[in-house]
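Worksheet for the structure shown next.
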Amino acid sequence: MYYYIFDQTSQKHGFQKALDKIGLKITDLELDGEKTKETITKNISLLTNEALEKDVKNIIVVGTDSSLNAVLKGIVAKKKDVALGYIPLKRSLYSELFNIPIQEHALEIISKRKIITTDLGKVNHGYFISSMKYAHSLKKSGSMFNVKSLFQIRSPENILFDFQYNDNFDLHAEAARFSIFNVVSSGENKQLREEHNVALGKRAHSDGRFDICVLSKGSSPENRTCFQATHLYVKSHAGPVTCILDECVDMRSQEFTVHVLPMSLKMIVGNATLFR
Amino acid sequence: MFKAKTLEERETVHTNDETVIGTSVKLEGDFKSEGDVTVNGEVSGTVFTEGDLTVGETAIVKANVHGKNVLIAGKVEGDVKSQDKVELKASCKVIGNIETSRIEIADGAFFGGECIMGKTSDSLETDEGEA
């Protein structure tokens with residue numbers, strides 16, 4: 001049985017036609033199930049908890065990346081065996097990462113039920129599938145906060161960060177930017193490879209570790225630091241800083257404890273080569 | 001015969017199995033890796049890799065270092081162990097002992113210490129196990 005969660009963005013007037021088409025396609029493909037809507041009094045977290053209490057096996061999020069992130073947070077926190085599906089209303093990080101077309105076309109993917117299991121990143125009380133990024137003086141503004149903007153040096157001001165891996169080593173870096181990658185889309189991977197000689201492996205989503213890239217001042221290869229870790233403690237020496245999880249969730253803190261949760265999310269995906 | 005990668009070759013390739021420590025970075029503690037490691041910053045402690053280790057010109061390493069092939073162009077204070085080959089570039093300054101099967105020292109390289117040749121990878125693994 002499918003449990004649909006329509007977020008508040010999906011209920012905006014501009015998406016009414018798209019919602020009509022989604023409704024028709026659900027019927028056509030016999031993907032019917034319970035449909036719920038996010039409201040002021042019933043947010044995504046509450047709806048997710050309700051679904052989990054009903055022991056549903058498939059939750060489908062209709063809306064934006066931040067809503068999908070909120071739902072996966074609920075699923076992973078309760079350690080439920082649920083497959084997560086996504087109907088993005090517009091192109092986004094998750095739609096690209098999982099190769100899911102937008103709006104009613106996403107239902108074709110859901111009907112094929114290609115399910116992958118992927119590692120998940122946990123940072124403090126938040127989660128990320130793709131990456132956690134910090135960039136000085138850059139704020140989240142939709143797709144502007146991507147890898148390209150992350151590595152573009154405008155007026156970089158370095159902040160001293162500690163990256164601590166257990167008691168093994170402590171890495172002190174004057175960093176203008178850093179990224180902790182779990183898995184990236186093929187487009188983002190290509191960009192990383194071309195501009196910075198950094199390439200994540202094809203099995204990055206299931207290798208149980210992060211790739212960490214730290215950039216200081218310039219973006220020359222000598223200023224780049226890259227290493228791998230399964231968990232990490234990151235501390236800013238300049239007070240709280242804002243990191244962005246999966247380009248859709250802000251997290252402000254001075255200290256970040258980051259872990260890999262191996263193979264902890266089941267996701268319905270398109271024919272994504274990343275997950276073969 | 002195995003040919004160690006040159007410094008230039010190693011700097012232009014980075015895969016997800018490669019670790020790079022940048023110029024403005026200080027690393028303290030015991031660093032272990034399965035892939036290739038390039039150090040351009042400051043390191044104190046130990047560095048152990050099953051892959052190749054490159055110490056760049058800007059690197060200041062106060063650590064015992066182990067690698068399959070070790071190429072040094074910067075400063076190293078500590079013992080160097082290699083399973084295959086150690087290459088000392090003209091710009092390097094090494095104060096410590098070297099254990100390796102093969103060594104190449106460029107004209108101008110500074111090396112203050114003893115060099116023990118002919119140790120096998122088995123003996124290196126035994127040493128590591130005892131540590």
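Each chain gets a letter, A, B and so on, in the order the sequences are listed, and its residues count up from 1.
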Would you say NZ of B/Lys75 has more than 12 non-hydrogen atoms from neighbouring residues, nucleotides or ligands within 6.0 angstrom? no
Rounded to the nearest 0.5 Å, what's the gap from CD1 on B/Ile21 to CZ on A/Arg224? Could you check? 11.0 Å
Which heavy atom of A/Thr225 sits nearest a heavy atom of B/Gly22, and at what distance? OG1-N, 2.7 Å
Output all residues satisfying salt bridge (charged side-chain N to carboxylate O under 4.0 Å, His left out) with A/Lys73, sequence neighbours left out; order by chain, then residue number. none
From A/Phe227 CZ over to B/Leu27 CG, what is the distance, rounded to the nearest 0.5 angstrom? 8.0 Å
With rounding to the nearest 0.5 Å, note down the distance linking CG in B/Asp30 to CG in A/Asp170. 12.0 Å
